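All values derive from a computational prediction rather than experimental measurement. Numbered from 1 within each chain, the chains take letters A, B, ... in sequence-line order.
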Number of protein chains: 2
Amino acid sequence: MARKSGSSGIKTAKQLHETATVLFAKNGYAAVSMRQIAREVGVQAGALYLYTADKQSLLFDLLDEHMKDLLDAWEGRTTPHEITPIDQLERFVRFHIRFHLPRADEVFISYMELRNLTPENFEVIQNARRTYEAILHDILSAGQTDGTFKVSDTKVATYAIIAMLTGMNTWYRDEGRLSLDMIEEIYLDLVLSAAGATP
Amino acid sequence: MARKSGSSGIKTAKQLHETATVLFAKNGYAAVSMRQIAREVGVQAGALYLYTADKQSLLFDLLDEHMKDLLDAWEGRTTPHEITPIDQLERFVRFHIRFHLPRADEVFISYMELRNLTPENFEVIQNARRTYEAILHDILSAGQTDGTFKVSDTKVATYAIIAMLTGMNTWYRDEGRLSLDMIEEIYLDLVLSAAGATP
DNA sequence: TTTACATTTGAACGCTTGTTCAGTTAGCGT
DNA sequence: ACGCTAACTGAACAAGCGTTCAAATGTAAA
């Protein structure tokens, strides 16, 4: 056997990314072998190297893709002009939850596997993350300036709120007690309170 | 050479735990080899098996030790009788920060390497974690009942607050902008606000 | 039908992995 | 001084690792 009937490059490439995402999330980058990924994709290990230069690039591509999607999704929203910091914060929280919850595996990898990136690759992802954090920081700063928010330190508050929101991914389950809509409202309350929002 | 001069079992055992903690935190459990640990300890790989049954037990012991220390430290505090939920929450926050900040590596491992535990070992650590979360949940529930706190869901608030607090470990550096005391106050504010505390 | 190319196999490469164990030495109690 | 045990070495084991590549086969265009 060599080439398989019905084989297609784009399909295999997509399956590679999907499989790697799931396996990396479940077992960790270092613990997953190329052969294991290949088996799940339904191909021999050698074939994977038509779609990735090496294992490291595979990890980087997944993370880079995820961060690009995140930032693109934020940029792509329809935003009314001149809305209050409170409305901005509300929009950010809802966006964050809606974007992150359906991407549990990607989010998990993005937080867990940073240390397995080469320094250059790490830099790229880190920058993207900083860009995202800056969005929230700008909102908090604006609210702090005009008096609608009251936090002792906008930088720390930024980290705290993002950690709080992202932590959701560690316990949320689709079959759980609360619907996505309810969770959204609960977290919105928590974040607005934490920011000391005075409507 | 065989036994080395000045060698002592307890010393090597301690070095093994310390070295493993640092290396697992920096590179991840799966990415660290027993030989790498041995080199750092200053011993051949075979010698490590005098102090751990296998690599898995080594990881488990580190996590188990950490969780036991955490729960023991909480139990061992001096607690006045009959204090208000607000005071209880304040005590919890300060305790959490003071305990976790100097243990960056242990905390990191505790969150990152859970998936590398066998199911039985995972269960043990998970239970300890649940015990810890229950402490905060009880405080929030008490405050919710007597009206000093106002949160839409005490369970979610518990997760959110712990995520917020533990997230600190990802950005805190000793040489950073803020002193430990300042950070403590900032986080205390954030948590009390998030809990909707009305003094 | 032939040609060109996309896709995959399967074997091979050198290296590392966790773990075991017989043999060797250091320190200590007697 | 002797013997016992604690501590460690160094080699060995089978298995698995990431990666490369010539060869084989499917697909599509000419």
Side-chain angles (χ1 to χ4, degrees), chain A residues 1-21 23-24 26-63 109 113 115-118 120-121, chain B residues 1-24 26-63 109 113 115-121:
Chain A
M1 270 188 283
R3 178 168 186 173
K4 297 155 88 175
S5 78
S7 64
S8 131
I10 4 171
K11 210 173 85 185
T12 310
K14 205 174 134 196
Q15 275 185 4
L16 168 58
H17 272 217
E18 286 172 1
T19 305
T21 300
L23 288 181
F24 285 168
K26 189 171 349 190
N27 305 110
Y29 171 76
V32 174
S33 71
M34 294 300 274
R35 284 175 177 82
Q36 194 177 341
I37 297 172
R39 200 182 316 128
E40 207 93 345
V41 173
V43 103
Q44 292 289 329
L48 298 183
Y49 289 83
L50 276 143
Y51 307 102
T52 185
D54 45 35
K55 200 188 175 189
Q56 166 71 207
S57 305
L58 177 55
L59 174 60
F60 173 72
D61 286 346
L62 295 182
L63 298 200
I109 299 175
E113 305 295 356
R115 61 185 166 189
N116 284 310
L117 292 172
T118 62
E120 310 83 45
N121 286 343
Chain B
M1 271 187 281
R3 178 167 186 173
K4 296 153 89 176
S5 79
S7 64
S8 132
I10 4 171
K11 211 174 84 185
T12 310
K14 206 175 133 195
Q15 275 185 6
L16 168 58
H17 272 217
E18 286 172 1
T19 304
T21 300
V22 173
L23 288 181
F24 285 169
K26 187 168 355 189
N27 306 111
Y29 171 77
V32 174
S33 72
M34 294 299 273
R35 283 175 179 82
Q36 194 178 341
I37 297 172
R39 199 182 318 129
E40 208 94 345
V41 173
V43 105
Q44 291 290 329
L48 298 184
Y49 289 83
L50 279 149
Y51 307 102
T52 186
D54 46 35
K55 199 187 176 190
Q56 166 70 208
S57 306
L58 178 55
L59 175 61
F60 173 72
D61 286 345
L62 295 181
L63 299 200
I109 299 175
E113 305 295 357
R115 63 185 166 188
N116 283 311
L117 292 172
T118 61
E120 310 82 45
N121 286 344

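Looking at which nucleotide of DNA chain C each of A:Val43 and A:Arg35 is closest to, the 5′-most match is held by A:Val43. If you find the closest nucleotide of DNA chain D to A:Gly46 and to A:Ala31, the one lying nearer the 5' end belongs to A:Ala31.
Atom pair A:Lys11:NZ and C:dA6:P shows a separation of 18 Å (rounding to whole Å applied). If you measure from atom CZ of A:Arg39 to atom C1' of C:dT8, you get 17 Å, rounded to the nearest angstrom. Look at CG on B:Leu59: it is 15 Å from C1' on C:dG18, rounded to the nearest Å. With rounding to whole Å, A:Leu48 atom CG is found 12 Å from C:dT7 atom C1'.
Counting only heavy atoms from C-beta on, A:Tyr49 has its side chain closest to D:dT19 among C:dT9, D:dT19, D:dT9. Which of C:dT19, D:dG18, C:dG18 sits closest to the side chain of B:Ser33 comes down to C:dG18. Residue B:Gln44 places its side chain closer to D:dT9 than to any other of D:dT9, C:dG18, D:dT19. Here the nucleotide nearest the side chain of A:Thr12, chosen from C:dG18, C:dT8, D:dG18, is C:dT8.
Against DNA chain C, the stretch residues 50-58 of chain B makes heavy-atom approaches under 4.0 Å through B:Asp54, B:Lys55.
For A:Val41 against A:Gln15, the heavy-atom pair with the smallest separation is O-OE1, 3.3 Å.
In this structure, B:Glu113 pairs ionically with A:Arg115, as a charged nitrogen and a carboxylate oxygen lie closer than 4.0 Å.
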